[in-house]
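Predicted, not measured: the structure shown is a model, and the values here were computed from it. Note that the numbering runs from 1 along the sequence shown for the chain.
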Amino acid sequence: MSRPGFFKDQLSPAAAYLLVGLGALVMLAPFYFMFVFATHSRTEIFNLPPPLLPGNNFELNLAILTDKIPFWKSLGWSLYVGLASTALTLVFCSMGGYAFAMFEFKFKKALFLLVMGTMLIPSFLSMIPTFMVMDALGWIDQPRALYIPGAASAFGIFLMRQFISASIPKDLIEAARMDGCSELGIYARIVLPLLQPALGTLGLITFIASWNNFIGPLIVMRSPEMYTLPLALRSMQSPVNTEWGALMTGSAIATLPLLVLFVLSSRRLIDGLTTGAVK
């Protein structure tokens, strides 16, 4: 005789897996159709029903794409800005997080609250001030305007501070100071090696955000030769004559590195975000 609730206990995991599977299909469907449409012409894309399998128009779409915009140059600018933004963010945010976690100084709590308060400001409110500051500095149409202003992000400082507070004991830092190690030496030799999970998480988030950034280049970039990839792809769209096949090809090429990066580093991303959440 089966005990009460047996079928309910067995069906619950199956229902959960089914729900997660359906959610995954819904989330992956746009990516699948993007890669499929990248191999079809504009006419084939708008057929009813739309194509569900890859076609043989990829090379022609790529030729149209590179003829319409300087695609490879824009790809290079996106890579350069993404790497520079990631490197600067890791350095400055790790330093800021280390200072807030391990040092005691006047107005420490007030400064930390001020840094956190900047996360509450909507990004669109900074568009005009950003343009005015970049114009005053002479950085309009310069890549440095995309990675220097946001090098010390509030989220990055908060993440580093929380990770250091939860994972690096103050006794270790005090012991290094008693041994005569300088503050810079403590940061470089002790803190940075222990910060690898959090640095990997912040680096991944920062690179993806920089790679997908559209508003920033739209504000400060004027020459098509200086466009990053999102802005260059957007310039292909027009109300009457958009080469959707070529646009899907560019979008697929631009998305592929992020998919590979996320697959390779997803475990580190989850570990870095959850470190310190469970004691």
Expected list for residues 118-135: side-chain donor-acceptor pairs under 3.5 angstrom, two or more places apart:
{"unit_1": "T118", "atom_1": "OG1", "unit_2": "V115", "atom_2": "O", "d": "2.5"}
{"unit_1": "S126", "atom_1": "OG", "unit_2": "S123", "atom_2": "O", "d": "2.7"}
{"unit_1": "T130", "atom_1": "OG1", "unit_2": "S126", "atom_2": "O", "d": "2.5"}

Name every donor-acceptor pair, under 3.5 Å, that has one atom in a side chain of residues 229-236 and the other anywhere in the protein, sequence neighbours excluded.
{"unit_1": "R234", "atom_1": "NH1", "unit_2": "Q237", "atom_2": "OE1", "d": "3.4"}
{"unit_1": "S235", "atom_1": "OG", "unit_2": "A232", "atom_2": "O", "d": "2.5"}

Rounded to the nearest 0.5 Å, what separates atom [atom1] in [X] from atom [atom2] in [Y]?
X	Y	atom1	atom2	answer
Q142	S223	CD	OG	9.5 Å
S94	I164	OG	CD1	7.0 Å
R189	L184	CZ	CG	9.0 Å
D67	E243	CG	CD	10.0 Å
E104	K109	CD	NZ	8.5 Å
C181	I190	SG	CD1	5.5 Å

_Looking at F158, I'd like to know if its CZ atom is crowded, meaning that more than 12 non-hydrogen atoms belonging to other residues, nucleotides or ligands lie closer than 6.0 Å._
no
Notebook entry, point to check: Is atom CZ of F31 surrounded by more than 12 heavy atoms (other residues, nucleotides or ligands) closer than 6.0 Å?
Noted result: no
Any link between [X] and [Y] through a network of hydrophobic side chains (Ile, Leu, Val, Met, Phe, Trp, Tyr) touching at under 4.5 Å?
X	Y	result
I69	Y80	no
M95	L192	yes
I208	I215	no
Y98	L159	yes
L137	L146	yes

Looking at [X] and [Y], what are the two nearest heavy atoms and their distance?
X	Y	value
Y147	V81	CB-O, 4.2 Å
S78	T228	OG-CB, 3.4 Å
N241	R42	OD1-NH1, 2.8 Å
G250	F71	CA-CE1, 3.8 Å
G82	S210	CA-OG, 3.3 Å
M27	P30	O-CD, 3.3 Å

Worksheet entry | Short side-chain donor-acceptor distance under 3.5 Å, S182 and Y187 | no
Does [X] reach the side chain of [Y], with side-chain heavy atoms less than 4.5 Å apart?
X	Y	result
L90	M160	no
W77	M221	no
S153	I157	no
I168	V191	yes

The side-chain contact (heavy atoms from CB on, under 4.5 Å) partners of F207 (sequence neighbours excluded) come to L79, L83, T86, W211, L258, L261
Residues passing the side-chain contact (heavy atoms from CB on, under 4.5 Å) test with F105, sequence neighbours excluded, are F100, F103, K108, L111
Distance-only donor-acceptor hits, side chain of residues 49-66, under 3.5 Å, sequence neighbours excluded:
{"unit_1": "N57", "atom_1": "ND2", "unit_2": "N61", "atom_2": "OD1", "d": "3.3"}
{"unit_1": "N61", "atom_1": "ND2", "unit_2": "A38", "atom_2": "O", "d": "2.9"}
{"unit_1": "N61", "atom_1": "ND2", "unit_2": "H40", "atom_2": "O", "d": "2.9"}
{"unit_1": "N61", "atom_1": "ND2", "unit_2": "N57", "atom_2": "O", "d": "3.3"}
{"unit_1": "T66", "atom_1": "OG1", "unit_2": "L62", "atom_2": "O", "d": "3.0"}
{"unit_1": "T66", "atom_1": "OG1", "unit_2": "A63", "atom_2": "O", "d": "3.1"}

message: With side-chain contact (heavy atoms from CB on, under 4.5 Å) as the criterion, how do T89 and L202 come out once you've worked through the C-alpha distance, each side chain's angles and the decisive distance to 0.1 Å?
response: CA-CA 8 Å; T89 298; L202 181 60; 4.1 Å; yes
Hey, is the main chain of A252 close enough, under 3.5 Å, to the side chain of T255 for a donor-acceptor pair? no
Apply the test side-chain contact (heavy atoms from CB on, under 4.5 Å) to residues V20 and Y17: give CA-CA distance (whole Å), side-chain angles for both, the deciding distance (0.1 Å), then the verdict. CA-CA 5 Å; V20 171; Y17 282 118; 5.7 Å; no
Residues passing the side-chain hydrogen bond (donor to acceptor under 3.5 Å, both in side chains) test with E174, sequence neighbours excluded, are R177
